[in-house]
Undergrad: 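Below you'll find the structure I mean.
Both counts, for ligands and for their atoms, begin at 1 and track the order of listing.
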Amino acid sequence: MTFLGTGGSVPNKFRNLPSVLLRRGPEVLLFDCGEGTQRQFLQARAGINRKMRILISHLHGDHVFGLPGMLHSLSFMGRTRDLEIVGPPGVAKLVTSVNQVVKFYSDFPIRIFEVRPGDTINEPEYKIHVASGRHGIPCLAYALDEKPRPGRFDAAKARKLGIPEGPLWKRLQSGRTVVIGRRRLSAALVVGPQRRGVKVTYAVDTRPCPTIIRLASGSDLLIHDSCFAEAASKKAKEYGHSTAAEAAYVARRSKSRRLALVHISAMYEDATPLLREAKAFFPHTILPQDMETVSVAA
Ligand SMILES: [Zn+2]
Ligand SMILES: [Zn+2]
């Protein structure tokens, strides 16, 4: 995951507006698309013609003003593959109405899906669960939850058993039995136990709340709103955001393995006090800088 923009509301010298890039094999997912995301996206070398889905949390400007520019530039740079945009009701109107006025150039099909809390996006290898945060306007949080992956294939053992490399290995890897002469060889002989998939939760612009705790349950990485330090907790309540300590509380309650603090208010040039406050509750907390990449494993 590459944190393209870790600021919130307005950018400052150090932090761009919200966007997190997830690279999963040949595919890319983008959580939010604040103004300036396209430049960060290019710098991250995410590729312009991959399978791509942009997931929008809500329709506050700091999370969506980068969308028209992103679509325009992707097309300019030669994207031909369709692109999917997922977001709350209103996101389709946003894209089409900007396009009616500005006529941004887009040579590839754009498919827009408006989703609601409780919806699930189903892919062969993972699901994305949608839940509601607690903010001034409807705000969605997303959890990408990989399905269990097949166990590791023990090539050395397969060779020892005299199974020739090729289609038979493939059969075994997919869990089927193969027959060589009079021998029936089951997959369990050479394939290890199923491996747990990775879970990543993205929840910004929200007060700490039970729906997010449930959504994030058992996440390998929870990316959570952490707009303010404790000293500004009144502001967090007033504007529908969380303090770093509240983000840590959600991480602990949801039994997440790691917490990343994002949507840092522009008033903090140095956000290390936020990191300190979160770590007091939840030691496995990180404070990513813009363009920082972390890998997430099960
Ligand atoms: Zn925001
Ligand atoms: Zn907001």
Side-chain angles (χ1 to χ4, degrees), residues 1-22 29-41 54-70 85-95 98 114-117 130-143 200-209 211-212 215-216 222-229 232-247 250 259-269 271 274 278 287-291:
M1 314 223 31
T2 305
F3 294 85
L4 302 183
T6 58
S9 310
V10 290
N12 70 8
K13 253 195 299 187
F14 308 99
R15 296 180 190 273
N16 277 281
L17 292 170
S19 187
V20 179
L21 168 72
L22 189 159
L29 292 100
L30 203 61
F31 295 96
D32 280 329
C33 195
E35 190 188 339
T37 295
Q38 54 165 313
R39 208 160 166 272
Q40 308 282 90
F41 182 84
I54 302 177
L55 300 119
I56 299 294
S57 61
H58 66 308
L59 299 178
H60 273 157
D62 53 329
H63 297 255
V64 293
F65 283 155
L67 207 45
M70 179 71 141
I85 298 172
V86 174
V91 74
K93 191 174 173 195
L94 167 79
V95 176
V98 173
E114 296 188 338
V115 291
R116 287 178 169 74
V130 184
S132 174
R134 199 178 287 166
H135 195 45
I137 62 167
C139 185
L140 302 175
Y142 299 99
V200 174
T201 302
Y202 178 80
V204 291
D205 291 39
T206 182
R207 297 286 302 138
C209 67
T211 49
I212 301 293
L215 175 77
L222 166 63
I223 299 163
H224 197 281
D225 185 331
S226 169
C227 218
F228 299 107
S233 63
K234 253 179 84 181
K235 268 195 179 158
K237 275 202 189 96
E238 197 178 330
Y239 298 117
H241 286 287
S242 298
T243 65
E246 286 168 336
V250 174
L259 167 68
L261 305 177
V262 295
H263 207 284
I264 309 295
S265 162
M267 67 193 245
Y268 302 107
E269 289 214 341
L274 279 73
L287 174 69
Q289 302 301 313
D290 280 15
M291 298 309 293

Undergrad: Between Q40 and D290, which heavy-atom pair has the shortest distance, and what is it?
TA: NE2-OD2, 3.9 Å

Undergrad: Just by distance, no angles: are the side chains of S57 and D32 close enough, under 3.5 Å, to form a donor-acceptor pair?
TA: yes

Undergrad: For the CZ atom on R207, are there more than 12 heavy atoms of other groups (residues, nucleotides or ligands in this structure) within a distance under 6.0 Å?
TA: yes

Undergrad: Check whether any N, O or S atom of H60, backbone or side chain, sits closer than 2.8 Å to the Zn ion (ligand 1).
TA: no

Undergrad: For the Zn ion (ligand 1), decide whether H58 has an N, O or S atom at a distance under 2.8 Å.
TA: no

Undergrad: Looking at H135, pick out the N, O or S atom nearest to the Zn ion (ligand 2) and give its name.
TA: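 Sorting the N, O and S atoms of H135 by distance to the Zn ion (ligand 2) puts NE2 first.
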
Undergrad: Which angle, to 10 degrees, forms at the Zn ion (ligand 1) with OD2 of D205 on one side and OD2 of D62 on the other?
TA: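 Approximately 160° at the metal, rounded to tens of degrees.
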
Undergrad: So H63 and H263, would you call those rings parallel, tilted or perpendicular, with 30° and 60° as cut-offs?
TA: parallel

Undergrad: Does any N, O or S atom of C139, backbone or side chain, fall under 2.8 Å from the Zn ion (ligand 2)?
TA: no

Undergrad: Just wondering, more than 12 heavy atoms not from E246 lying within 6.0 Å of its CD?
TA: yes

Undergrad: Tell me whether the Zn ion (ligand 2) has H241 as a neighbour, meaning an N, O or S atom of it below 2.8 Å.
TA: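 For H241, the answer is no, given that no N, O or S atom comes within less than 2.8 Å of the Zn ion (ligand 2).
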
